[in-house]
Amino acid sequence: MKVLVIGGGGREHAIVDALSRSPQVEKIFCAPGNAGIARQAECVAIRETEVERLRDFAAAEGIGLTVVGPEVALAAGVVDCFKAAGLRIFGPTKAAARIESSKEFAKELMAKYEIPTAGFRAFTEYAAARDYVAGRPFPAVLKYDGLAAGKGVVIAQTMEEADSALKDMLLDDKFGEGKVVVEDYLEGPEFSFMCFVSGHRVWPMVLAQDHKRAYDGDKGPNTGGMGAYSPLPFITAEDERFALERILQPVADAMVAEGCPFEGVLYGGLMKTAQGIKVIEFNARFGDPETEVVLPRLKSDIVDIFCAVAEGRDTQLEWHDFAALGIVLASKGYPGSYEKGYEITGLENVEGTVYHMGTKADGDRIVTAGGRVLFVVGTGRDLAEARAAALRDVERIGCDNLFHRTDIGHWAFEK
C-alpha cells in the first residue's frame with residue numbers, strides 16, 4: 001500500500017516512523033514533510049491546507065490510505081474532500097473537527113451531555129468579557145474560541161494580564177475574528193488521553209503528559225509543548241477507567257447523536273482535580289508532542305488500526321510495557337520571535353530516536369526552520385532510565401541556537 005501523511009512536524013515524523021514499521025506499506029509520501037521525514041518518506045511540496053491539490057495527488061499516485069496530522073488541514077475540510085472523491089482517509093470531517101476548532105462547540109456539547117468540565121461563558125464583546133472577568137476570582141482562564149496553534153489559552157493572574165489577553169483576542173484579532181471562552185480555574189496535574197474513535201467504537205491509547213511551559217520548574221510562557229512522557233504513575237487504573245467510561249466514550253456517543261460522528265483520534269486533555277477528573281480541552285487529532293512518546297510504545301501494526309477506523313470495523317491494540325520520554329530542542333526565543341537557519345550537527349551520534357519538528361535541508365546540512373526543532377526520545381524499563389537516555393542523546397546534538405528543559409517527567413518523579 002502507498003500511504004500519504006499530511007503535515008510536516010514531529011507528530012507527522014512519528015506517524016511516518018510507525019508506518020515504516022508496517023509490512024503492509026510499500027511507500028510513504030509526506031506533504032510537505034521536513035528534513036528528518038525525508039529520510040523515511042518522499043516529501044511532496046504541497047501545504048496542509050491545499051485540500052484539492054492533496055486530493056489530486058492522492059488520486060494520481062494511487063494512494064491507498066491518507067493520514068491527517070495537523071488541525072489546520074482538518075478545519076480546511078480535507079477529510080470531506082477526500083471522502084467525496086472516494087479516497088480512504090484517516091481523520092474526522094470538518095463538522096466533527098469542531099470539537100477542537102470551536103471551544104464553544106466543545107463546551108456546549110459537554111454541558112448538554114453532562115461530561116465533567118469547568119464552568120464557562122462565551123463572549124464576543126470585549127467590554128462584556130472584561131466586566132465578567134473583573135467580577136470573578138483570579139486566576140482567570142481565557143481561551144480563544146478557534147484554532148491558535150496551541151497559543152490561544154491564557155491563565156491570567158491579574159486583571160492587567162486578563163485585559164491584555166482579551167484585547168489580543170477580541171479587539172486586535174491576534175488569532176483572527178472570534179469569541180472568547182472564560183472558564184473556571186481548575187488545579188491538578190494535566191494528562192493526555194488519546195483514543196482511536198470510529199463512531200461509537202473507542203480504542204484507548206496509553207496515557208501521556210506534556211509540559212507546556214518553556215523552562216524548568218514549569219516557568220516561562222506557554223508553548224506548544226517542551227517534552228512528554230508515558231506511562232503516568234500518578235494516574236490510577238480507576239482514573240483511566242473513569243476517563244474512558246465517563247468522558248471519551250460519552251463524547252464519541254454524543255458526536256454520533258449530534259449528527260457528526262467522529263472518526264480518527266479524539267484527544268482528551270484532562271486534569272485530575274480534587275473533585276475528580278475533568279476535561280480541559282479536546283483535540284481532533286494526535287497531540288504534539290505526546291504522539292512522539294505514545295506511538296513508539298505501539299506494538300500493533302498501525303496500518304490495521306488506521307484502516308479499521310476509516311472503514312468502521314473492529315481491531316485490537318497491543319502496547320509495549322517500556323517507558324518513553326522525549327525532550328524538545330527549541331530555537332532560543334521560542335515561543336516568541338526566533339532566528340532560523342542554524343546548522344544542527346551530531347544527529348548521527350544519537351542512540352535513541354530523534355523526530356524532526358522544524359528542520360530543513362540546506363545542501364548536505366540540516367538547519368533549524370521552526371520554533372520547536374527536534375524531539376529526542378529515550379526509552380527504558382522505567383521513566384528514570386528513559387529520561388537519562390534522552391538527556392544523553394540531547395548532549396550528542398550540537399547547535400548554537402537551541403535550548404531545552406532538563407526536568408521533563410518531574411510530576412512522575414515527585415509523586
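As the structure is a computational prediction, the values presented were derived from the model and not from experiment.
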- Any chance you could lay out the side-chain hydrogen bond (donor to acceptor under 3.5 Å, both in side chains) test for Lys107 and Thr117, step after step, and finish with the verdict? CA-CA 8 Å; Lys107 295 296 283 191; Thr117 189; 2.9 Å; yes
- Query: Between Tyr334 and Phe403, does the ring centre distance come in under 6.0 Å?
  - Reply: no
- Do Gln24 and Asp301 pass the side-chain hydrogen bond (donor to acceptor under 3.5 Å, both in side chains) test, and can you show the C-alpha distance, the side-chain angles, and the key distance before you say yes or no? CA-CA 9 Å; Gln24 300 180 66; Asp301 186 332; 3.0 Å; yes
- Task: State whether a side-chain donor-acceptor pair under 3.5 Å links Ser331 with Asn401.
- Result: no
- Step through the shown structure and confirm whether more than 12 heavy atoms of other residues, nucleotides or ligands are within 6.0 Å of CD on Glu125. no
- Query: Lys94 pairs by side chain to side chain contact (heavy atoms under 4.5 Å, CB included) with which of Leu74, Val79, Asp80?
  - Reply: Asp80
- Could you walk me through whether Asp407 and Tyr215 pass the side-chain hydrogen bond (donor to acceptor under 3.5 Å, both in side chains) check? CA-CA 9 Å; Asp407 66 344; Tyr215 311 125; over 6 Å; no
- Message: Just to verify, what does Asp184 make a salt bridge (Lys or Arg N to Asp or Glu O under 4.0 Å) with, not counting sequence neighbours?
- Response: Arg136
- Task: Answer yes or no for Arg387 and Phe413: cation-pi contact, defined as NZ/CZ to six-membered ring centre under 6.0 Å and angle to ring axis within 45°.
- Result: yes
- With a 4.5 Å heavy-atom cut-off, do Met205 and Phe286 have their side chains touching? yes
- Task: Sequence neighbours left out, what pairs pass salt bridge (charged side-chain N to carboxylate O under 4.0 Å, His left out) with at least one residue falling in residues 226-245?
- Result: Asp239-Lys272
- Kindly indicate whether the side chain of Glu263, heavy atoms from C-beta on, has any atom under 4.5 Å from the side chain of Val197. no
- Message: Just to verify, what does His200 make a ring-ring contact (aromatic ring centres under 6.0 Å, His included) with, not counting sequence neighbours?
- Response: none
- Is any NZ, NE, NH1 or NH2 atom of the basic residue among Arg11 and Glu292 found under 4.0 Å from an Asp or Glu carboxylate oxygen of the other? no
- Message: For residues 312-325, which residue pairs pass the salt bridge (charged side-chain N to carboxylate O under 4.0 Å, His left out) check, not counting sequence neighbours?
- Response: Glu311-Arg313
- Message: Between the side chains of Glu61 and Lys2, is the shortest nitrogen-to-carboxylate-oxygen separation below 4.0 Å, so that they form an ion pair?
- Response: yes
- Output yes when Lys212 and Glu190 qualify as a salt bridge under the 4.0 Å nitrogen-oxygen rule, no when they do not. no
- Message: Within the 4.5 Å heavy-atom criterion, are Tyr144 and Lys103 side-chain neighbours or not?
- Response: no
- Message: Would you say CZ of Arg396 has more than 12 non-hydrogen atoms from neighbouring residues, nucleotides or ligands within 6.0 angstrom?
- Response: yes
- Message: In the structure I gave you, are the side-chain heavy atoms of Val294 and Trp319 within less than 4.5 Å of one another anywhere?
- Response: yes
- Task: Inspect the contact between Glu281 and Lys143 and indicate whether a charged nitrogen and a carboxylate oxygen are less than 4.0 angstrom apart.
- Result: no
- Message: Checking side-chain hydrogen bond (donor to acceptor under 3.5 Å, both in side chains) between Tyr267 and each of Arg285, Glu100, Glu290, which is the one that passes?
- Response: Glu290
- Qualifying salt bridge (charged side-chain N to carboxylate O under 4.0 Å, His left out) pairs, either residue in residues 17-38, two or more places apart: Asp17-Arg21, Lys27-Glu42
Listing, residues 371-386 side-chain donor-acceptor contacts under 3.5 Å, not counting sequence neighbours, or none:
residue: Arg372; atom: NH1; partner: Gly224; partner atom: O; Å: 3.0
residue: Arg372; atom: NH1; partner: Gly225; partner atom: O; Å: 3.1
residue: Arg381; atom: NE; partner: Glu385; partner atom: OE2; Å: 2.8
residue: Arg381; atom: NH2; partner: Glu385; partner atom: OE2; Å: 2.5
residue: Asp382; atom: OD1; partner: Ala384; partner atom: N; Å: 3.2
residue: Asp382; atom: OD1; partner: Glu385; partner atom: N; Å: 2.9
residue: Glu385; atom: OE1; partner: Arg381; partner atom: N; Å: 2.9

